[in-house]
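Working notes for the structure below.
Quantities reported herein were computed from a predicted structural model and do not represent experimental measurements. Just so it is clear, the values below take in all heavy atoms, side chains as well, and ignore hydrogens, waters and symmetry mates. Naming: A, B, ... by sequence-line order, numbering from 1 per chain.
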Amino acid sequence: MKLIIKSGRVIDPTQNRDEIGDILIENGVIKEIGQNIPAEGAEIIDAQNKIVCPGLIDVHVHLREPGFEYKETIETGVKAAVAGGFTAVCCMANTNPVNDNQEITRYIFKKAKELCLARVYPIGAVSKGLEGKELAPIGELKEAGVIALSDDGNPIYDSGFLRRALEYAKYFNLPIISHAEDKGLAPDGVINEGLMSTSLGLPGIPAVAEEIMVFRDIKLAELTGWHVHIAHVSCAGSVELIRQAKAKGIRVTAETCPHYFTLTEEAVKDFNTNAKVSPPLRTATDVKAVRKGLKDGTIDVIATDHAPHHPLEKETTFEDAPSGLIGLETSLPISLKLVEEGFLTWSELINKMSCYPAKIFNLDGGSLKPGSVADVTIIDPEVSYRIDVNQFYSKGRNCPFHGWEVKGKVAMTIVGGQVVYREN
Amino acid sequence: MEGGFNKHHLLGIRELLPSEIEFILNTADAMKEISFRDIKKVPTLRGKTVITFFYEPSTRTRTSFEIAAKRLSADTINISASTSSLVKGESLLDTARNLQAMQPDILIIRHPHAGAPHFLAKHINTAVINAGDGMHEHPTQALLDAMSIKEKKGTIEGLEIAIIGDITHSRVARSDILLFTKLRAKVRVAGPPTLIPPYIENLGAKVCPCIEDALEGADVVIALRVQRERLKQVLFPDLREYAIRFGLNKKRLALTKKDAVLMHPGPVNWGVELDPEVMDLERTIILNQVTNGVAVRMAILVLVAG
């Protein structure tokens with residue numbers, strides 16, 4: 001089984017490569033990368049005028065299965081993933097039952113393997129039932145195949161507990177992903193505390209609720225010598241804290257999401273529940289700081305925090321609506337605005353959406369080096385179109401970018417040498 | 001009359017032009033007299049159906065709307081959260097669609113969540129009137145406040161209006177600030193710092209460091225209710241301390257202009273935000289507010305039905 005991708009602009013930051021060329025795939029791995037590779041016996045994919053890069057990896061999605069199949073299933077989630085150019089996704093543990101035991105982990109793997117679309121890497125819970133009280137069976141989860149641990153959605157409040165969790169997780173080489181939020185500062189908060197919360201009469205969440213926990217997590221990473229990955233960084237203060245921590249050599253990495261470098265709290269005006277997300281959208285100053293953090297390397301990864309909800313769940317008052325928005329099918333075009341604006345180079349963007357996620361979480365892919373798994377995303381950078389939630393593979397419609405004009409579309413997604421998505 | 005009022009709903013003061021506010025107030029002035037007739041009824045809304053839909057307790061606002069509707073000859077139906085299918089778990093959207101299916105003309109809603117009336121207005125054709133949504137807006141209260149002030153002062157423009165107390169949780173404060181600044185009054189707010197929300201200046205109010213500063217030379221003082229249900233939080237130590245430090249009494253009111261009026265949206269916690277000694281002062285116009293509430297709501301009903 002041979003596949004050759006011809007004449008694309010091949011961008012692979014892991015090889016400092018950005019040039020027109022061919023990629024030969026054989027038996028699911030990258031065989032050769034170069035110019036004018038002979039095509040005999042291979043299926044030919046013409047990638048002229050297209051970008052060819054290591055498959056995109058989203059380290060933060062909610063696939064909702066088991067338990068919330070009315071919001072999303074593993075099938076609809078990975079279909080959305082490959083349509084968005086993602087060859088792998090890491091799914092959070094807040095399913096029902098919670099992914100705090102090997103049965104759930106194995107169930108997710110089994111479902112994903114039957115589909116043969118994107119790779120799915122489950123993230124295990126840190127604590128049983130995400131309650132922040134007792135450690136989940138971390139060794140068992142590791143053996144079943146989880147790639148990291150997180151109580152995402154339920155911030156771990158007890159610092160002593162998180163310390164022990166980090167110490168224990170270190171033994172099993174599993175990073176802990178932190179949803180940093182001090183709920184005590186905003187027990188009922190639903191949007192950023194500021195002009196919008198005052199104007200709309202909605203309970204606010206101040207940025208310090210995130211910053212305090214980011215600082216705590218950094219100090220615990222320092223104390224335990226273990227890797228904390230800060231999820232969905234939303235505010236300027238967090239970026240600064242992470243920057244300082246990295247300068248001191250503390251083992252901390254960080255992600256942000258397209259909405260945090262694109263939207264401000266203004267997006268919730270008119271009580272738009274599709275812009276209700278946790279952490280909340282912040283201010284223009286924060287957007288600027290998050291962008292700067294991406295540019296200077298403080299923020300390693302762009303993830304989506306893809307959080308589908310049933311449309312009816314969002315059709316209610318702002319306070320009643322669940323938090324979260326979907327991102328798998330908009331992450332690439334929204335992130336490409338940073339390239340279009342000249343803020344990031346293509347290589348920088350691909351690092352953050354593919355190479356670094358693979359490196360940080362020790363995943364297959366994220367590189368086109370010969371011998372790597374043949375996970376490849378082909379992008380047509382010139383296609384302009386309008387985002388339409390009704391075209392999504394995801395069951396979710398909770399997308400604040402509906403109707404946006406964007407440029408750059410996934411042309412093809414290849415996982416393990418198999419074409420799993422092809423733009424028609 | 002210049003401007004008029006062409007909106008289908010009354011969702012908040014934010015959506016209103018100054019000319020629309022003036023138009024509503026003038027209409028309310030004309031309505032007021034009806035309540036003082038022997039036969040308090042005009043046929044204006046005969047054959048119209050008005051539903052009051054209250055998810056929160058209310059005496060004044062609900063009765064006021066119902067009386068207003070009845071004086072206009074509308075048929076009124078009252079629904080409250082505890083007697084509706086909400087207790088069976090029916091969603092707000094479903095409830096609204098079902099009510100709509102019975103072809104009411106006007107739906108008056110009070111809801112503990114900000115934006116609930118705006119949500120309904122997006123989904124149903126019936127005219128929606130906001131009777132208070134969470135901490136967001138209470139437009140008819142602001143309109144009746146403005147009517148009451150105009151009766152005493154002749155105008156809103158140029159007045160110094162002090163709003164004292166829990167600004168953070170007050171929809172009355174937000175609607176008042178928006179309305180008074182639209183009519184070019186100056187608004188000052190003061191209270192315990194735990195109850196002053198961030199960026200309130202951006203709505204047009206000046207934050208005073210202490211209540212004495214806010215009262216100094218004021219033309220109008222609006223005291224807000226201490227929301228006892230919030231006492232479990234750590235916003236101030238107890239009611240006694242609140243009364244002593246932030247309550248309004250004769251001594252504090254002496255800082256205002258001699259002819260300043262004292263208002264309160266009700267229900268008053270006498271002995272907390274207001275000392276009972278101010279209850280019967282001539283400047284205290286709390287009951288005038290209630291009377292004007294009926295006139296303002298009659299005006300709104302006529303205008304949204306029109």
Side-chain angles (χ1 to χ4, degrees), chain A residues 70 182-209 211 235 237 264-276 280-286 309-323 397-398 402, chain B residues 11-15 55 86 89-97 109 111-124 130 132-139 166-175 177-178 189 195-205 207 230 232-235:
Chain A
Y70 69 96
D182 181 348
K183 292 242 184 197
L185 275 161
D188 308 313
V190 290
I191 64 168
N192 182 48
E193 181 177 299
L195 180 54
M196 283 308 273
S197 65
T198 293
S199 164
L200 294 177
L202 288 169
I205 305 169
V208 294
E211 292 154 8
C235 57
T264 67
E265 57 180 355
E266 278 286 311
V268 308
K269 76 171 195 290
D270 305 326
F271 301 99
N272 177 11
T273 56
N274 286 334
K276 180 178 177 181
L281 301 172
R282 308 263 185 206
T283 66
T285 309
D286 296 300
H309 292 292
H310 193 280
L312 278 178
E313 292 177 299
K314 286 282 195 180
E315 285 285 12
T316 184
T317 62
F318 199 89
E319 282 155 271
D320 264 349
S323 289
R397 295 291 176 265
N398 45 316
H402 176 63
Chain B
L11 300 177
I13 300 298
R14 177 176 300 279
E15 291 82 8
Y55 283 70
L86 291 166
E90 189 173 32
S91 75
L92 181 59
L93 180 60
D94 257 355
T95 307
R97 283 188 174 153
I109 180 168
H111 198 281
H113 290 168
H118 308 67
F119 170 74
L120 291 187
K122 252 186 262 173
H123 287 94
I124 62 177
N130 181 359
D133 63 323
M135 308 187 293
H136 182 221
E137 282 229 42
H138 192 352
D166 179 358
I167 310 296
T168 297
H169 301 103
S170 177
R171 53 195 173 212
V172 176
R174 284 180 178 75
S175 287
I177 291 167
L178 289 170
V189 299
L195 297 173
I196 307 291
Y199 295 97
I200 191 74
E201 297 91 345
N202 291 57
L203 264 60
V207 178
R230 299 191 190 277
K232 59 177 185 286
Q233 297 186 2
V234 290
L235 299 167

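Contact of the A:L312 side chain with the B:L93 side chain is registered, since non-hydrogen atoms from C-beta on lie closer than 4.5 Å. Between A:T317 and B:H111, the closest side-chain pair of non-hydrogen atoms falls below 4.5 Å.
At a 4.5 Å heavy-atom cutoff, B:R171 makes no contact with chain A through either its backbone or its side chain. A:D320 touches chain B through backbone and side chain together, each having a heavy atom under 4.5 Å away. Heavy atoms of B:L203 lying under 4.5 Å from chain A belong exclusively to its side chain. Both the backbone and the side chain of A:P203 come within contact range of chain B, judged by heavy atoms closer than 4.5 Å.
Classification of the A:F271-B:H118 ring pair by plane angle, with boundaries at 30° and 60°, yields tilted.
Applying the ring pair (Phe, Tyr, Trp, His ring centres under 6.0 Å) criterion to A:H310, with sequence neighbours excluded, gives no partner residue.
Taking non-hydrogen atoms and a 4.5 Å limit, the residue list of residues 194-202 of chain A in contact with chain B, ordered by number, reads A:G194, A:L195, A:S197, A:T198, A:S199, A:L200, A:G201, A:L202.
Using a distance-only test at 3.5 Å, with no hydrogens or angles considered, no donor-acceptor pair links the side chain of A:E193 to the main chain of B:P198.
The local environment of OH in B:Y199 is sparse, with at most 12 non-hydrogen atoms from other residues, nucleotides or ligands closer than 6.0 Å. Around NZ of A:K269, the count of heavy atoms belonging to other residues, nucleotides or ligands within 6.0 Å does not exceed 12.
Residues B:H113 and A:E319 share a closest heavy-atom pair of CA-OE1, 3.3 Å.
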